[in-house]
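Structure, as structure tokens:
The structure displayed is predicted, hence computed values, not measured ones.
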Amino acid sequence: MRAARPGLPRLMAVTLALVALFGVGVHGRNHIHKKPHGGGGAGHRGGAKGGSTVVSSPAVPPDEDATPLVAPPPPSPSGSIVPSDPATPAQPAEQCVFDVREYGATGENTADDTEAFRAAWSAACAVESAVLLVPSDGTFTISSTTFSGPCKPGLVFQVDGVLMPPDGPDCWPASDNRRQWLVFSNLDGMTLRGAGTIEGNGEDWWNLPCKPHRGPNGSTLHGPCDSPTLIRFFMSCNLVVQGLRVENSPEFHFRFDGCSDVLVDGLFIRSPANSPNTDGIHVENTERVGIYNSKISNGDDCISIGTGSYDVDIQNVTCGPGHGISIGSLGVHNSQACVANVTVRNAVIRNSDNGLRIKTWQGGMGSVSGITFDGVLMENVRNCIIVDQYYCMDKRCMNQSTAVHVTDVSYANIRGSYDVRSAPIHFACSDTVPCTNVTMSEVELLPFSGELVDDPFCWSAYGIQETPTIPPISCLQDGIPDSLLDNPDLKCR
């Protein structure tokens, strides 16, 4: 037998190595190098008047479940995209930007840019994922306007410059609505955002001779008659309001009516402490609302929750000066009012007339239930915790036998300091419809300066102290009155 040639095993080993290296007969992973879409991101114009600029949306991260590479791919051509390369994001989607200047807006402060904004809205509303842009290098004045839908999904109203109404009632067009300025109506999935400012020019409205409000050195001045809410959302859903600075509204800064699924995040709202009826954010007949990470100082309620509001979550909000966070007023003119599932967590309230307030009118019906206040810091607040079922604007209201039922209200981890001119805890509940199931836990309120003048006050209030309260509150009663059992006037949905 002829002996095997000693070089053959070595040759076979080399051949197998070459097969493994070059993938002969092996189905390896392919890496496709694509050119960037759109010729390197240059915009194009077309369509409606003024056209639209095409910009890229934020990058989409790579798929975390993609199969990892054994060895890095060969260098890519300059400007190419490698979807399988974790270091290179996938190509983003495109957005159409409708700059109001392209529709005739000047941004010169004194000019009326209303028609340009209406034209830009009409064009943006018809395009999916459109951005109506208020550019950062202008001050734009528009009169009372309703921006209505329905619109294509993903619409963004981006305020990077300054946007404002006419300067006071004397400059307000006679044909315009004097109760509202910007209204966003019948929309689904709209975002109002930006790094700019919405300036309300409210001072001349505050001084109209109708409603008294605080002046300097303890004096009393008059206030607004018909004054516009600055920004109102009406009959809309899936809304986002984010990042704006909003100042000096003639009346409410934001109002949500008949809406659902609302996210408010990162707002800065400011008006003087003596500006009347300038609530920061008002919610009414609206459900599933989140208000987060915002700072509000004004002349009325920081946040007010009206009838028909359900599932409202408020977190990381700083209020003051102002009138604190309020539920109500409810039940005016003998009406039915229903509010349920409101949570306030991790809030700060400073230098305010009120802290956490629930206010209802006598003669009302319905209920306020499922209210949680947890982790709230007070600093120099006059009425830290208050339930007032005898609310009346001028203190001349007649006593009535019905009331909105206040029940299932929890106060936990409420700490800080109070203004000694008023008792820090005040429960003034109805004789016929008492407050029930009020829970106090880890409540510690100390005088901001001086000593306590009044002890906590309770009238027809039922509940428990889960821990000792500072100051001590011994006036809560046990149980539930028989008069509240199966009372149809207290029922809500």
Min side-chain heavy-atom separation Ser249-Trp181 under 4.5 Å
no
Evaluate the ring planes of His282 and Phe252, with Trp represented by its six-membered ring, and classify them as parallel (under 30°), tilted (30 to 60°) or perpendicular (over 60°).
tilted
Counting C-beta onward and ignoring hydrogens, is there a side-chain heavy-atom pair between Asp137 and Pro135 closer than 4.5 Å?
yes
Strictly distance-based, threshold 3.5 Å: is any side-chain N or O of Thr318 a donor or acceptor partner for the main-chain N or O of Val348?
no
Would you confirm whether Thr286, through its side chain, and Val283, through its main-chain N or O, come within 3.5 Å as a donor-acceptor pair?
no
For a side chain to side chain contact (heavy atoms under 4.5 Å, CB included) check, start with the C-alpha distance between Asn437 and Val409, then their side-chain angles and the critical distance, and finish with the verdict.
CA-CA 7 Å; Asn437 200 21; Val409 183; over 6 Å; no
Taken in chain and number order and not counting sequence neighbours, the residues that satisfy ring pair (Phe, Tyr, Trp, His ring centres under 6.0 Å) with Phe234 are none
Are Asp226 and Glu251 close enough that some pair of their side-chain heavy atoms sits under 4.5 Å apart?
no
If we ignore angles and hydrogens, is there a donor and acceptor under 3.5 Å between the side chains of Ser136 and Asp160?
no
Checking Asp311, Asp313, Asp261 against Arg288 for salt bridge (charged side-chain N to carboxylate O under 4.0 Å, His left out), the one that qualifies is Asp261
In this structure, CG of Asn177 is separated from OG of Ser144 (nearest 0.5 Å) by 5.0 Å
With the side chain counted from C-beta on, respond yes when Val376 and Asn413 share a heavy-atom pair under 4.5 Å apart, and no when they do not.
no
Side-chain contact, heavy-atom cut-off 4.5 Å: Ser227 with Asn277?
no
Quiz question: by atom type and distance under 3.5 Å, do the side chains of Thr407 and Thr436 form a donor-acceptor pair?
yes
Which is it for Gln315 and Arg345 under the side-chain hydrogen bond (donor to acceptor under 3.5 Å, both in side chains) test, yes or no, and what are the steps along the way?
CA-CA 5 Å; Gln315 295 193 44; Arg345 285 194 173 92; over 6 Å; no
Taking atom OG of Ser236 and atom CE of Met190, what is their separation to the nearest 0.5 Å?
8.5 Å
If you apply the rule ring-ring contact (aromatic ring centres under 6.0 Å, His included), what do you find for Phe117 with Tyr103, and how did you get there?
CA-CA 7 Å; Phe117 272 73; Tyr103 294 81; over 10 Å; no
What do the steps show when you test Val262 against Asn238 for side chain to side chain contact (heavy atoms under 4.5 Å, CB included), and what is the final call?
CA-CA 6 Å; Val262 176; Asn238 299 310; over 6 Å; no
Derivation of the salt bridge (charged side-chain N to carboxylate O under 4.0 Å, His left out) call for Lys152 and Asp188
CA-CA 9 Å; Lys152 295 290 186 180; Asp188 184 353; over 6 Å; no
Stepwise, does the side chain to side chain contact (heavy atoms under 4.5 Å, CB included) test hold for Ile198 with Leu230?
CA-CA 9 Å; Ile198 298 177; Leu230 201 61; 3.9 Å; yes
Could you check whether Arg178 pairs with Asp176 (Lys NZ or Arg NE/NH1/NH2 to Asp/Glu carboxylate O, under 4.0 Å)?
no
Starting from the C-alpha separation in whole Å, work towards a yes-or-no answer on side-chain hydrogen bond (donor to acceptor under 3.5 Å, both in side chains) for Thr197 and Arg245.
CA-CA 5 Å; Thr197 298; Arg245 184 183 188 97; 4.7 Å; no
Is a side-chain N or O of Ser304 found less than 3.5 angstrom from the main chain of Asp301, in a donor-acceptor match?
no
Roughly how far, to the nearest 0.5 Å, is CE of Met164 from CZ of Phe140?
11.0 Å
Close side-chain approach of Cys338 and Gln336, heavy atoms under 4.5 Å:
yes
Report the distance from atom CG of Asp455 to atom OG of Ser474, rounding to the nearest 0.5 Å.
7.5 Å
Do Glu203 and Asn248 pass the side-chain hydrogen bond (donor to acceptor under 3.5 Å, both in side chains) test, and can you show the C-alpha distance, the side-chain angles, and the key distance before you say yes or no?
CA-CA 7 Å; Glu203 183 174 0; Asn248 302 317; over 6 Å; no
What's the verdict on side-chain hydrogen bond (donor to acceptor under 3.5 Å, both in side chains) for His405 and Ser430, showing C-alpha distance, side-chain angles and the deciding distance?
CA-CA 9 Å; His405 185 205; Ser430 167; over 6 Å; no
Counting N and O atoms only, with roles assigned by atom type, does the side chain of Ser417 sit under 3.5 Å from a partner on the main chain of Asn380, one being a donor and the other an acceptor?
yes
Would you say that Leu187 contacts Cys151 through its side chain, given a criterion of any heavy-atom pair below 4.5 Å between the two side chains?
yes
Relative to the ring of Phe256, is the ring of Phe233 parallel (under 30°), tilted (30 to 60°) or perpendicular (over 60°)?
parallel
Answer yes or no: is there a donor N or O on one side and an acceptor on the other, between the side chain of Glu108 and the main chain of Thr110, under 3.5 Å?
no
Would you say the ring centers of Phe457 and Phe427 fall short of 6.0 Å from each other?
no
Applying salt bridge (charged side-chain N to carboxylate O under 4.0 Å, His left out), run through Asp265 and Arg193 and close with a yes or a no.
CA-CA 10 Å; Asp265 187 33; Arg193 71 184 186 197; over 6 Å; no
Audit row: Leu445, Ile425, side chain to side chain contact (heavy atoms under 4.5 Å, CB included) steps and yes/no
CA-CA 9 Å; Leu445 299 168; Ile425 301 172; 4.2 Å; yes
Would you say the side-chain atoms of Arg382 and Ser422 include a donor-acceptor pair closer than 3.5 Å?
yes
Does anything in residues 165-174 form a side-chain hydrogen bond (donor to acceptor under 3.5 Å, both in side chains)? List the pairs, not counting sequence neighbours.
none
Examine distances only and state if a side-chain atom of Asp113 and a backbone atom of Ile142 form a donor-acceptor pair shorter than 3.5 Å.
no
Within the 3.5 Å criterion, strictly below it, is a donor on Thr114 or Ser143 matched to an acceptor on the partner's side chain?
yes
Is Asp257 salt-bridged to Arg232, going by a charged N under 4.0 Å from an acidic O?
yes
Whether Ser352 side chain and Ile349 backbone form a donor-acceptor pair below 3.5 Å:
no
With heavy-atom distances below 4.5 Å as the criterion, would you say the side chains of Phe268 and Ser294 are in contact?
no
Distance from Arg350 atom CZ to Glu379 atom CD, nearest 0.5 Å?
4.5 Å
Using a strict cut-off of less than 4.0 Å between a Lys/Arg side-chain nitrogen and an Asp/Glu carboxylate oxygen, indicate whether Arg101 and Asp99 qualify as a salt bridge.
no
Name the one of Glu442, Met440, Met378, Glu444 that satisfies side chain to side chain contact (heavy atoms under 4.5 Å, CB included) with Ile414?
Met378
List the residues meeting disulfide bond (SG atoms under 2.5 Å apart) with Cys259, not counting sequence neighbours, and say none if there are none.
none
Donor-acceptor pair, side chain of His253 and main chain of Asp279, under 3.5 angstrom:
yes
Is Cys458 close enough to Cys429 that their SG atoms are under 2.5 Å apart?
no
Looking at CD1 of Ile303 and CD1 of Ile325, how far apart are the two atoms once the value is rounded to the nearest 0.5 Å?
5.0 Å
